[in-house]
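Input: a single structure, listed below in structure tokens.
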Amino acid sequence: MRREIIAGNWKMNNLTSEVETFFKDFGALSADTKRQVIVAPAYPYLKTAGELARECGIELAAQDLYPQPEGAFTGMIGSKMLKDLGVSAVIIGHSERRHILHEPLDLIREKVRFAQEEGFHLIFCVGETLEERQSGEMLNVLTTQITSAFDNNLTAAPEMVTIAYEPVWAIGTGVVATPEQAEEMHSFIRKLITEKYGYGDSRILYGGSVKPNNINGLISLEDIDGALVGGASLKAESFRALVNA
Ligand code: 13P
């Protein structure tokens, strides 16, 4: 049985007072879930969020990880700092880092290796752009993103390796993938990681304009084990609705 995950990626949003309000409100709303719940605040808010998240039974994730424990790496955050702040999961390969920062495949691969070595729950993001979908390249794109990071590079238990399928055209656009589109991609990923690596028990999340009114149509599908949510994770009410859905 794959335990479902609802994860919130706050990106570059939520200041101190909003972080505090989020957890106060989230804790006050009635809980009804067996799901694993994770939130990824921006780095400066991990400490504040971590203490409050624990009281709500929420695990703390970081939005990235520099693949070194510590040292002379200006502007980077490594594993020792994240562990010190109570972070248990890391998001690697988010499309905003791939496309805005042009993060290269070999750096993403090194982060994937290091995150596992350091014992973090890896949340590894993949997804095609609109142009790649329209040109029929999407399965090749996913295969490259996954194999370049995973070939001879998986060491953690399958339950500590989660993939988030996030079509770039669905992120922050309000255009959610249809259940058919999402399931096609999820079953492709499941087959790939099962046949190539024996990681069929890893969870595969969908991300991209997930909202309380569309989550059930996605999460009820065979190969969708939860959601990685941006905009709708910023406020307690909508995030609680997603967690309880
Ligand atoms: P939205 O839910 O805002 O589309 O963002 C999805 C995402 O990128 C989560 O990592």
Side-chain angles (χ1 to χ4, degrees), residues 4-14 18-19 22 26 35-43 45-46 49 53 58-65 87-103 108 111-112 115 120-130 132-133 138 141-142 145-146 149 161-179 181-182 185-186 189 202-219 224-245:
E4 289 177 343
I5 298 175
I6 304 295
N9 175 9
W10 286 356
K11 309 188 181 185
M12 205 168 70
N13 298 296
N14 277 351
E18 292 159 322
V19 171
F22 176 93
F26 188 88
R35 293 175 174 150
Q36 189 172 357
V37 183
I38 302 174
V39 167
Y43 284 143
Y45 304 97
L46 283 171
I58 298 181
E59 293 170 38
L60 198 61
Q63 297 175 17
D64 187 36
L65 162 71
V87 168
S88 58
V90 292
I91 298 171
I92 301 293
H94 192 277
S95 74
E96 286 146 18
R97 298 195 64 88
R98 290 182 192 265
H99 295 289
I100 300 172
L101 299 175
H102 305 291
E103 202 165 281
I108 294 173
K111 290 179 177 183
V112 163
F120 291 108
H121 174 184
L122 169 67
I123 302 174
F124 176 67
C125 302
V126 297
E128 82 285 359
T129 63
L130 185 59
E132 288 163 344
R133 171 163 284 266
M138 66 258 197
V141 169
L142 289 197
Q145 290 172 340
I146 292 170
V161 177
T162 294
I163 295 179
Y165 168 62
E166 300 203 305
V168 179
W169 47 271
I171 295 178
T173 59
V175 182
V176 65
T178 64
Q181 286 171 325
M185 303 304 272
H186 280 243
I189 295 169
S202 284
R203 286 157 298 176
I204 308 175
L205 314 182
Y206 169 81
S209 296
V210 174
K211 309 286 176 212
N213 66 7
N214 62 29
I215 189 168
N216 282 320
L218 294 160
I219 211 165
I224 301 187
D225 305 315
L228 180 57
V229 186
S233 72
L234 295 175
K235 292 271 187 300
E237 205 167 84
S238 53
F239 193 59
R240 177 58 92 187
L242 292 166
V243 167
N244 288 355

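For ligands, and for the atoms within them, numbers begin at 1 and follow the listed sequence. Quick note: numbers below take in every heavy atom, side chains included, and nothing from hydrogens, waters or symmetry partners.
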At a 4.0 Å cut-off, with the gap strictly under it, does some heavy atom of K11 reach an atom of ligand 1?
yes
Does A170 reach ligand 1, in the sense of a heavy atom lying below 4.0 Å from it?
yes
Could you tell me whether a side-chain N or O of Y165 sits under 3.5 Å from a main-chain N or O of L142, the two making a donor and an acceptor?
no
Specify whether H186 and Y206 have parallel, tilted or perpendicular ring planes, treating 30° as the upper limit for parallel and 60° as the lower limit for perpendicular.
tilted
Look only at interatomic distance and state if L228 has a nitrogen or oxygen under 3.5 Å from any nitrogen or oxygen of ligand 1.
no
So, does R203 use its side chain to make a donor-acceptor pair with the main chain of A164 at under 3.5 Å?
no
Does ligand 1 have an atom that lies less than 4.0 angstrom from a heavy atom of G172?
yes
Any nitrogen or oxygen of G230, side chain or backbone, less than 3.5 Å from one on ligand 1?
yes
Without swapping roles, check the side chain of S209 against the backbone of I171 for a donor-acceptor pair under 3.5 Å.
no
For G231, the ligand 1 atoms whose distance to one of its heavy atoms is below 4.0 Å
1 (P), 2 (O), 3 (O)
Centres of the W10 and Y45 rings: under 6.0 Å?
no
Under a plain distance cut-off of 3.5 Å, with no hydrogens placed, do E103 and H94 share a side-chain donor-acceptor pair?
no
May I ask you to check if ligand 1 and T173 share an N or O to N or O distance below 3.5 Å?
no
Report yes or no: does G208 have a heavy atom closer than 4.0 Å to ligand 1?
yes
Ignoring angles and geometry beyond distance, decide whether H94 reaches within less than 3.5 Å of ligand 1 through its nitrogen or oxygen atoms.
yes
Look at E4 together with R35 and state whether they make a salt bridge at an N to O cut-off of under 4.0 Å.
yes
Which residue owns the protein heavy atom closest to atom 9 (C) of ligand 1, what's the atom, and how far is it?
E166 OE2, 2.9 Å
